Protein chains: 2
Amino acid sequence: MNRLMVEREPMAEQHRTKLAVQSAGTGPTCCPAGLDQPMSRAAATDLARLFKAIAVPARLQILALIRSSDTGELCACDFTDSLGLSQPTISHHLKVLTDSGLLVRRQHGTWAHFSIDSRRLAELAAVVSPARDSAEVLG
Amino acid sequence: MNRLMVEREPMAEQHRTKLAVQSAGTGPTCCPAGLDQPMSRAAATDLARLFKAIAVPARLQILALIRSSDTGELCACDFTDSLGLSQPTISHHLKVLTDSGLLVRRQHGTWAHFSIDSRRLAELAAVVSPARDSAEVLG
DNA sequence: TGACTTGATCGACATGTATCGATATATGCT
DNA sequence: AGCATATATCGATACATGTCGATCAAGTCA
């Protein structure tokens with residue numbers, strides 16, 4: 001008699017794209033998959049953690065200071081002076097960046113020197129770099 | 001008599017690199033400067049806001065879903081189903097991504113379609129891409 | 001040894017935000 | 001008109017984290 005129960009959604013059903021997020025077999029932590037394929041929640045969480053590491057003003061300034069330095073390596077004390085932040089705060093940021101693999105820490109007596117791991121940074125760039133297909137970017 | 005006041009720091013003085021953050025005249029919001037020069041706090045804050053936009057698992061999944069789709073454009077309802085998040089949460093993430101310029105919103109009747117602004121995404125990639133000098137990355 | 005410096009850790013606090021349910025608004029279908 | 005659907009907005013809540021002062025551990029120099 002009434003077909004209400006089976007024909008409830010006139011618009012929705014034929015439109016939905018039915019995307020699955022099940023694929024994306026990202027490895028442990030090596031070479032995060034790009035955006036060109038669906039991403040599992042776990043892979044997205046790992047990748048987000050990496051992006052969060054640089055998504056903080058002070059930490060971006062730290063990376064910029066290291067890269068713009070002559071030797072590509074700076075002492076922790078340099079940041080404390082330059083960024084106007086307390087020493088514990090700088091120490092915290094340096095730890096986050098080091099734990100994420102973006103910075104490499106070299107101990108030299110009392111001093112700690114930090115340099116950028118370009119490979120790790122390039123991994124980030126690869127994720128957000130334009131897809132292979134569309135090369136007309138920045139045209 | 002006592003020279004304590006002038007010779008207080010034996011180690012520090014000759015080591016400090018004396019870096020200034022005053023430079024970095026980044027424009028309003030166009031083309032964020034890379035990491036190859038010191039970054040002002042204001043420029044770093046703007047850039048951090050952009051990175052924060054993609055530093056969330058759900059939002060990375062959204063970008064990945066859009067990019068892996070056939071048309072490069074998805075309806076908001078697609079995400080609600082795929083990511084297992086509530087509709088208000090998805091709407092929130094889409095708003096953040098759109099406000100940051102990473103997504104472009106196209107209204108079509110009741111539906112809202114979202115696509116990626118590749119230029120904006122390329123800006124992010126440019127910031128974290130390796131410096132011009134060191135090309136031996138990924139060797 | 002003792003005074004000083006560097007850097008890490010701890011605890012506390014304030015702020016930001018991801019998430020949800022409830023609701024509002026607009027559009028499409030009957 | 002009346003109902004269903006698609007999105008956005010609002011308010012509340014829980015959790016993460018940036019920041020600081022205080023403290024601790026370790027290295028350096030006189």
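Letters go in sequence order (proteins before strands), and every chain restarts at 1. All of these numbers come straight from a predicted model, not from anything done at the bench.
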| note | By side chain to side chain donor-acceptor pair (under 3.5 Å), A:Ser115 pairs with (sequence neighbours left out) none
| message | Please say yes or no: joined through hydrophobic side-chain contacts below 4.5 Å, possibly via intermediate residues, are B:Leu94 and A:Met39 part of one cluster? | response | yes
| request: Grab the two heavy atoms, one from B:Asp36 and one from A:Ser68, that are nearest each other, plus how far apart they are. | output: O-CB, 3.5 Å
| note | With sequence neighbours left out, the residues meeting side chain to side chain donor-acceptor pair (under 3.5 Å) with A:Ser100 are none
Side-chain atoms of residues 51-58 of chain A: list all donor-acceptor pairs with protein atoms under 3.5 Å, sequence neighbours left out, distances to 0.1 Å.
unit_1, atom_1, unit_2, atom_2, d
A:Lys52, NZ, B:Ala55, O, 3.0

| note | Across all chains, not counting sequence neighbours, the salt bridge (charged side-chain N to carboxylate O under 4.0 Å, His left out) partners of A:Asp99 are A:Lys95
| request: Mind checking side chain to side chain contact (heavy atoms under 4.5 Å, CB included) for A:Gln87 and listing every partner two or more places apart, or none if nothing turns up? | output: A:Thr80, A:Ser91
| said: How many whole angstroms separate atom NE2 of B:His108 from atom C1' of D:dT5? | reply: 15 Å
| What is the distance from CG of A:Leu74 to P of C:dT6, rounded to the nearest Å? | 15 Å
| said: So if I take the C1' atoms of five pairs at each end of the helix from C:dT1-D:dA30 to C:dT30-D:dA1 and get each local axis, what angle do the two axes make, rounded to 10 degrees? | reply: 30°
| request: For nucleotides 7-20 of chain C, just jot down a letter per nucleotide in 5' to 3' order: B, S or -, based on protein non-hydrogen atoms under 4.0 Å. | output: BBB--------SBB
| message | How long is the straight-line distance from CG of B:Leu47 back to CG of B:Leu35, given to the nearest 0.5 Å? | response | 7.5 Å
